[in-house]
S.K.: 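I'd like to ask you about the structure that follows.
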Amino acid sequence: MPELPEVESVVRSLCSSSSSLIGRRVEQGFIYGSRVVSGCSAEEFLQQVQHACFTSIERHGKYLFFEMQPGCATTAVPFFLVIHLRMTGRLYLVPVAERSAKYTRLSLILSEQLALRFDDPRTFGRAWLVEHPSIVTSTLGPDALTVTVQEFTTRLAGSKRQLKPLLLDQSFVAGIGNIYADEILFRSRLHPLTNSRNLAPNEVHRLHQAVRTVLEEAVEAHGANIDGVFKAGNFIVSVYGRSGKKCRICESPILRITVGQRGTHFCPECQRRK
DNA sequence: CACTCTACCTGTGCGC
DNA sequence: TGCGCACAGGTAGAGT
């Protein structure tokens, strides 16, 4: 389940010097199924990326932005390939000889015997082409990994919502999903049903600090490791998916409730409701 | 306007 | 063994 840290790991791996996407040209593209491309037809999509060159990769929240330079010099206006992995999307470079996987949705054959592969069993993930990332980011809040305490405090003051749905709202801050929302609330010792308007200044500060540090630690660990369910990296979760198990701090059993249709895990002792 | 709810998907794991 | 079902979740868009 790719959230901000997992998406950031994708950016870093695609930028790594050993096999970087940057500077490589699309020789040929393949689309499997009708769902992956949004906003234009598969034919239009393939025509536009054909011969285009990857010039940079950026991330905002869970969105990936690939800046591309068209191959034809006469129409050399850069554009952006935008990809959202949603629930089950994976994006990686492979040797061009490697067969497409069962759930490959998009494959871009690159120069130097490499291919960029987008796999997605549940077909929730999307790829589209835009003139500028702002077309996508205008509806998103600041990136959760870098949001300042000032901006966080200002945005929180404009809200009267429960903390769990608020953290999941990408227009509040971008990049937090269900796993890290629970982890962040545990780290900040705040109950998920706490209303944002009831937070004392020191609690707002604590919440912001938890957003930053939990995500930084998860990025450092290359993503989450949820025992037996999901493994992207080595970030060990404290509460997500651990209902009934002992809190790592106080040994109380972790509870699971439903908040805004989402499974929500927390420690009733460490995260007392105000 | 601000917020809440549902549809979209399919692999997994459970009970019978 | 195999069937049916609930469950997981990010976002757009519909609903309140």
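Every chain is numbered from 1, with letters handed out A, B, ... down the list of sequences. Every heavy atom of this structure was used, including side-chain atoms; hydrogens, water molecules and symmetry mates were not. Predicted, not measured: the structure shown is a model, and the values here were computed from it.
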S.K.: Any chance you could list the contact pattern along nucleotides 10-16 of chain C? Use B for base contacts, S for sugar-phosphate-only contacts and - for none, protein heavy atoms under 4.0 Å, 5' to 3'.
M.R.: BBS----
S.K.: Can you pull every protein N or O that's under 3.5 Å from an N or O on nucleotides 1-4 of chain B?
M.R.:
{"unit_1": "dT4(B)", "atom_1": "OP2", "unit_2": "Arg161(A)", "atom_2": "NE", "d": "3.3"}
{"unit_1": "dT4(B)", "atom_1": "OP2", "unit_2": "Arg161(A)", "atom_2": "NH2", "d": "3.4"}

S.K.: Quick one: salt bridge (charged side-chain N to carboxylate O under 4.0 Å, His left out) partners of Glu43(A), sequence neighbours excluded?
M.R.: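 If we apply the salt bridge (charged side-chain N to carboxylate O under 4.0 Å, His left out) test to Glu43(A), skipping adjacent residues, there are no hits.
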S.K.: Spell out, as yes or no, whether a donor-acceptor pair under 3.5 Å connects the side chain of Thr137(A) to the backbone of Ile135(A).
M.R.: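 Flag not set: sc Thr137(A) to bb Ile135(A) has no pair under 3.5 Å.
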S.K.: Tell me which pairs pass ring-ring contact (aromatic ring centres under 6.0 Å, His included) where either residue lies in residues 239-273 of chain A, with sequence neighbours left out.
M.R.: His191(A)-Phe266(A), Tyr240(A)-His265(A)
S.K.: Name every donor-acceptor pair, under 3.5 Å, that has one atom in a side chain of residues 25-33 of chain A and the other anywhere in the protein, sequence neighbours excluded.
M.R.:
{"unit_1": "Arg25(A)", "atom_1": "NH1", "unit_2": "His51(A)", "atom_2": "O", "d": "2.8"}
{"unit_1": "Tyr32(A)", "atom_1": "OH", "unit_2": "Ser100(A)", "atom_2": "OG", "d": "3.4"}

S.K.: Do any of residues 144-151 of chain A sit with a heavy atom less than 4.0 Å from DNA chain C, and if so which?
M.R.: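 Within residues 144-151 of chain A, no residue comes under 4.0 Å of DNA chain C.
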S.K.: Enumerate, atom names and distances included, each donor-acceptor pair closer than 3.5 Å involving a side-chain atom of residues 168-176 of chain A, sequence neighbours excluded.
M.R.:
{"unit_1": "Asp169(A)", "atom_1": "OD1", "unit_2": "Ser171(A)", "atom_2": "N", "d": "2.9"}
{"unit_1": "Asp169(A)", "atom_1": "OD1", "unit_2": "Ser171(A)", "atom_2": "OG", "d": "2.7"}
{"unit_1": "Asp169(A)", "atom_1": "OD2", "unit_2": "Arg161(A)", "atom_2": "NH1", "d": "2.6"}
{"unit_1": "Asp169(A)", "atom_1": "OD2", "unit_2": "Ser171(A)", "atom_2": "OG", "d": "3.4"}
{"unit_1": "Gln170(A)", "atom_1": "OE1", "unit_2": "Gly175(A)", "atom_2": "N", "d": "2.8"}
{"unit_1": "Gln170(A)", "atom_1": "NE2", "unit_2": "Leu168(A)", "atom_2": "O", "d": "3.0"}
{"unit_1": "Gln170(A)", "atom_1": "NE2", "unit_2": "Ile176(A)", "atom_2": "O", "d": "2.9"}

S.K.: Under the ring-ring contact (aromatic ring centres under 6.0 Å, His included) definition, can you give me all pairs with a residue in residues 101-150 of chain A, not counting sequence neighbours?
M.R.: Phe80(A)-His132(A)
S.K.: Can you list everything that forms a salt bridge (charged side-chain N to carboxylate O under 4.0 Å, His left out) with Glu220(A)? Sequence neighbours excluded, please.
M.R.: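 Checked Glu220(A) against salt bridge (charged side-chain N to carboxylate O under 4.0 Å, His left out); zero matches.
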S.K.: Kindly list each side-chain donor-acceptor pair under 3.5 angstrom involving residues 87-98 of chain A, sequence neighbours excluded, with atom names and distances?
M.R.:
{"unit_1": "Thr88(A)", "atom_1": "OG1", "unit_2": "Asp120(A)", "atom_2": "OD1", "d": "2.5"}
{"unit_1": "Thr88(A)", "atom_1": "OG1", "unit_2": "Arg122(A)", "atom_2": "N", "d": "3.3"}
{"unit_1": "Tyr92(A)", "atom_1": "OH", "unit_2": "Asp119(A)", "atom_2": "OD2", "d": "2.4"}

S.K.: Under 4.0 Å, heavy atoms only, any strand: does Tyr103(A) hit a base, just the sugar-phosphate, or nothing?
M.R.: sugar-phosphate
S.K.: Among residues at least two apart in sequence or on other chains, which ones pass side-chain contact (heavy atoms from CB on, under 4.5 Å) with Pro2(A)?
M.R.: Glu6(A), Val7(A), Leu85(A)
S.K.: Compile the donor-acceptor pairs under 3.5 Å between side chains in residues 244-254 of chain A and protein atoms, sequence neighbours left out, one pair per line.
M.R.:
{"unit_1": "Arg248(A)", "atom_1": "NE", "unit_2": "Val237(A)", "atom_2": "O", "d": "3.2"}
{"unit_1": "Arg248(A)", "atom_1": "NH2", "unit_2": "Val237(A)", "atom_2": "O", "d": "2.8"}

S.K.: What is the distance, rounded to the nearest whole Å, between atom CD of Glu6(A) and atom P of dG9(C)?
M.R.: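 So the two atoms are 13 Å apart, to the nearest Å.
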